[in-house]
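Note sheet for the following structure.
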Amino acid sequence: MAHEHHGNSAAPRLRYHGILPALLGTTVCLSVAHAADTTGPKAHQTVPASPATLNAPRTAPAEHVAEHIVVHRIPDSAPGNQPGGGLIHPQDGVKSVSTVSQDFISKQAPMATAFQLAAMLPGANVSSSDPMGFSPNTDITVRGLDNSAIGYVLEGMPLNDVAAYSGTPSQFADSENYQEIALSQGSADLDSPVLNAAGGLMNLTFRDPAKKAGGDASVSYGSYNTNREFIRLDTGDIAHTGIRGFVSYSHGATDNWRGPGRDEKQHVDFKFLKEWGQGNRASLIGTFNTTITSWYPEPTMDTWKSDGIKGQNNLLAHYDSSNPENGANYWRLWRDGERTLYGGAPVHLTLTDHLTLDVTPYAQLAYGNWPGGSTLSETGLYQGTQALSDTLNLPGAQDGVGVVRADYTQRSYRSGFTSALHYKTGWNDFVLGYWYDYGDDNEQQPFTAVQTNGYAPDIWAQNGRDVIRLSNGERLLGGSFHTISQTNALFIGDHMSLLHDHLAIDLGFKAVMMSRDGTNSMPGPQYHVGSNSMEPLPRLGVRWRIDAENQIFFNATTNFRAPDQSALYNTYDPSSGEMYGTGSADVRNEYSISEELGYRRTGRWIIGSLTLFNYNFTNRQISTQAVQNGSIVSTTMNAGGQTSRGVDVEIGLRPWHHFSPYVSGEYLHATIDNDLMSGGDLLRTRGRIAVRSPTLQAAAGLSYDDGHIFGVATVHYTGHQYATFTNDERVSDHTTGDLAIGYRFSDHIHLHQPTLRMNFINITNEHYLSGVASPTMNAKDTIGVYGTTIAGSAPNYFIGGGFAALFTASTGF
């Protein structure tokens with residue numbers, strides 16, 4: 001720790017451990033300088049002498065002691081100085097918010113995703129498929145609401161998929177660049193550019209670029225032949241313009257921890273910042289991600305019980321040319337290629353002493369291919385509902401059936417902006433804002449022939465010469481639709497601070513207008529589809545500060561969500577012309593009302609909160625997966641009404657002898673409000689527990705950091721959760737634990753805090769089902785309300801990642 005010098009440089013120093021450090025929660029250094037007063041200003045003053053003075057004997061001038069007390073406060077952001085090891089932070093708003101800071105993030109595996117980093121927070125239930133975070137086979141639920149019900153925002157720009165609302169956390173950013181991950185479990189902010197956030201908002205913040213040129217670098221190696229390299233360069237002040245920035249690059253690769261396959265990822269993050277005047281700030285931020293990942297099959301309960309992590313729950317390592325049905329399970333046919341680019345330019349301007357303006361333009365480009373191995377007949381083909389006379393010549397076909405790769409491509413473009421004008425006067429802070437969002441989404445399903453050795457060219461399915469074409473030159477397609485969506489939202493609000501800020505009241509109203517205009521290019525009864533929605537979304541929040549350490553808060557919000565785009569369109573089987581799914585423009589929007597009542601304490605040692613919550617849904621949208629001609633695609637199902645009630649709790653201790661414990665937990669009671677229609681009859685679902693809604697969750701962490709030695713041990717328990725609406729199949733409860741240990745060296749020459757660390761993930765090597773990938777109405781045949789037999793359909797599940805160890809060496813420079 002650097003010390004300032006006052007007075008004589010030889011002044012003694014003493015370390016003080018009294019009341020002042022206890023109040024500040026830090027170590028205080030005192031510098032005491034001794035100097036004769038002849039060196040001060042009074043030595044040059046003329047003081048009239050009294051007679052007594054003139055007659056007094058002459059003596060040496062008296063020496064006075066000047067004492068300078070310098071208090072050095074260790075910043076809260078310093079490693080090891082944050083409560084709960086960086087898993088909790090004091091809050092002062094009208095709603096529940098939980099945070100993960102860089103103090104915790106920097107000790108985790110460097111390729112950990114935003115989902116994995118937030119897994120310790122109350123209400124967060126992460127279902128993963130691999131321990132290293134590469135696989136897109138992942139989900140997060142918050143208070144029982146899945147991935148697609150959560151908004152993801154990076155410094156004001158949305159990250160959700162334009163068609164399905166979901167977020168893919170491995171695409172967002174590299175963990176080294178996060179300053180904070182904040183999870184608002186109950187609602188999104190009034191000005192957030194999201195439509196689907198009944199489950200809350202995950203707000204991601206980048207670190208600011210350093211003011212001095214430098215950077216950071218790290219290398220990692222571990223289980224499953226995992227390797228990762230990362231470098232970040234900070235420009236410092238560029239040519240005395242006040243602009244500073246950083247650019248980072250990472251590369252990572254890993255073998256599938258079960259079954260064959262290898263994932264590879266390259267990622268770029270950047271941020272450039274200019275600050276000036278009284279709080280003016282403008283930045284340019286962005287991320288680019290390109291990845292190819294290998295699919296992890298999602299088992300049914302029967303195959304899980306029979307084979308576990310082996311056998312039929314894995315893809316084939318070698319191509320089987322003798323059996324088309326078996327050959328379709330060759331792992332190279334299931335590689336998922338994706339590229340995404342996010343960019344935004346958040347600007348904050350201080351216009352007057354009372355008026356500020358926030359504007360964030362943004363854009364998003366994405367292309368992906370979600371393929372799967374499948375089989376296709378060489379004759380009797382259909383394009384939509386239109387019969388074809390074409391005969392295909394598929395390599396290695398047997399009895400007129402050959403193996404193909406069923407590509408499912410999505411090319412999307414999204415752009416928009418948010419704007420908010422704040423006027424602050426007296427105890428009011430008014431806001432008036434507008435959000436506009438434009439989305440252009442094109443999804444198609446071509447097919448690629450598979451050679452007799454299992455090779456299928458062009459994993460991206462962008463080269464038109466490689467896909468199967470008909471005699472007229474057109475591509476054979478299983479689906480093709482194009483959607484233009486536009487969102488306009490006006491919002492107005494007021495934050496009132498009363499009684500010397502003991503009482504805070506937030507009032508807000510948001511009017512959202514959303515239109516979709518789409519075309520289905522497949523021959524058949526459907527060509528044009530469209531939908532229009534207008535929803536009023538009022539909100540109210542109150543916070544009462546009892547004293548400096550205790551608060552209570554209440555928050556009531558409304559949320560709206562339109563179904564996924566896939567719900568609008570018909571899809572067809574090219575081998576028969578039959579519809580896989582029937583689309584409809586008459587889709588019903590989800591609408592929810594949520595309330596929170598909570599208590600917070602920010603004490604000398606303990607920071608914590610207790611939150612009671614209640615949700616009421618109509619037309620609850622449940623995200624699930626469907627198989628379309630061999631490809632796994634996202635879709636939604638209408639689950640009717642739902643009521644969710646529960647309590648969240650989290651407590652963190654400020655560092656005590658370098659130890660910082662943290663605990664969180666949730667009790668959730670989520671029930672279906674009505675019987676659901678299935679196959680022309682009603683399933684008996686009223687009063688059943690909602691899917692993906694574990695009754696109990698708990699997490700605990702213990703951090704240690706003395707500036708050099710550090711470690712974090714965490715354990716997470718997730719109770720059982722149902723996979724069907726009739727509650728006839730469920731995932732068992734499970735407990736997992738992670739461990740991180742490391743050593744941080746002192747600065748050496750040009751290296752800043754070189755660090756070595758080991759991460760151990762799932763330290764008990766628990767083999768478990770981590771979550772529900774695709775819920776169904778009922779797993780077993782059942783009798784409906786009207787007496788008919790409703791056939792069961794088996795849900796699919798995520799298999800949690802096994803044990804992994806990772807070594808990382810990193811340094812600043």
Side-chain H-bond candidate by donor/acceptor type, Asn313 with Thr303, under 3.5 Å |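 There is such a pair between these side chains.
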Just checking, any donor-acceptor pair under 3.5 angstrom between side chains of Asp441 and Gln410?
->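 Yes, a side-chain donor-acceptor pair sits under 3.5 Å.
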With rounding to the nearest 0.5 Å, note down the distance linking [atom1] in [X] to [atom2] in [Y].
| X | Y | atom1 | atom2 | result |
| --- | --- | --- | --- | --- |
| Met120 | Leu183 | CE | CG | 14.0 Å |
| Gln642 | Arg688 | CD | CZ | 15.0 Å |
| Ser223 | Phe803 | OG | CZ | 5.5 Å |
| Asp263 | Ile292 | CG | CD1 | 10.0 Å |
| Asn674 | Leu683 | CG | CG | 11.5 Å |
| Ile150 | Tyr165 | CD1 | OH | 15.0 Å |

Partner set under salt bridge (charged side-chain N to carboxylate O under 4.0 Å, His left out) for Asp336, not counting sequence neighbours |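 Listed in chain order: nothing, the list is empty.
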Check this for me: does any side-chain nitrogen of one of [X] and [Y] sit under 4.0 Å from a carboxylate oxygen of the other?
| X | Y | result |
| --- | --- | --- |
| Glu596 | Arg143 | yes |
| Asp738 | Lys107 | no |
| Arg262 | Asp255 | yes |

Under the salt bridge (Lys or Arg N to Asp or Glu O under 4.0 Å) rule, what do Arg684 and Asp681 come out as? Steps first, then yes or no, please.
-> CA-CA 10 Å; Arg684 303 179 191 275; Asp681 202 341; over 6 Å; no
Could you tell me which non-hydrogen atom of [X] sits nearest to which non-hydrogen atom of [Y], and how far apart they are?
| X | Y | value |
| --- | --- | --- |
| Val772 | Arg692 | O-NE, 3.0 Å |
| Leu154 | Leu159 | CB-CD1, 3.9 Å |
| Asn256 | Trp295 | ND2-O, 4.0 Å |
| Leu121 | Ser664 | C-OG, 4.1 Å |
| Ala713 | Leu739 | CB-CD1, 3.9 Å |
| Pro131 | Trp257 | CD-CD1, 3.7 Å |

Between [Y] and [X], is there a side-chain heavy-atom distance shorter than 4.5 Å?
| X | Y | value |
| --- | --- | --- |
| Trp304 | Ile309 | yes |
| Thr293 | Arg335 | no |
| Arg730 | Val691 | no |
| Phe115 | Thr138 | yes |
| Asn160 | Leu195 | no |
| Ile181 | Phe104 | no |

Can the ring centroids of Tyr591 and Phe617 be said to lie less than 6.0 angstrom from one another?
-> no
Plane angle bin for His720 and Tyr722 - parallel if under 30°, tilted between 30 and 60°, otherwise perpendicular = perpendicular
Check the angle between the aromatic planes of Tyr615 and Phe613 and answer parallel, tilted or perpendicular using the 30° and 60° thresholds.
-> perpendicular
Given the rule in the side chain to side chain donor-acceptor pair (under 3.5 Å) test, do Glu595 and Asn614 qualify, once you have shown the distances and angles that lead to the verdict?
-> CA-CA 5 Å; Glu595 300 95 15; Asn614 177 74; 2.8 Å; yes
Apply the side-chain contact (heavy atoms from CB on, under 4.5 Å) test between Arg757 and each candidate in Ile741, Thr808, Leu806; give the one that qualifies.
->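 By the side-chain contact (heavy atoms from CB on, under 4.5 Å) criterion, Arg757 pairs with just one of Ile741, Thr808, Leu806: Thr808.
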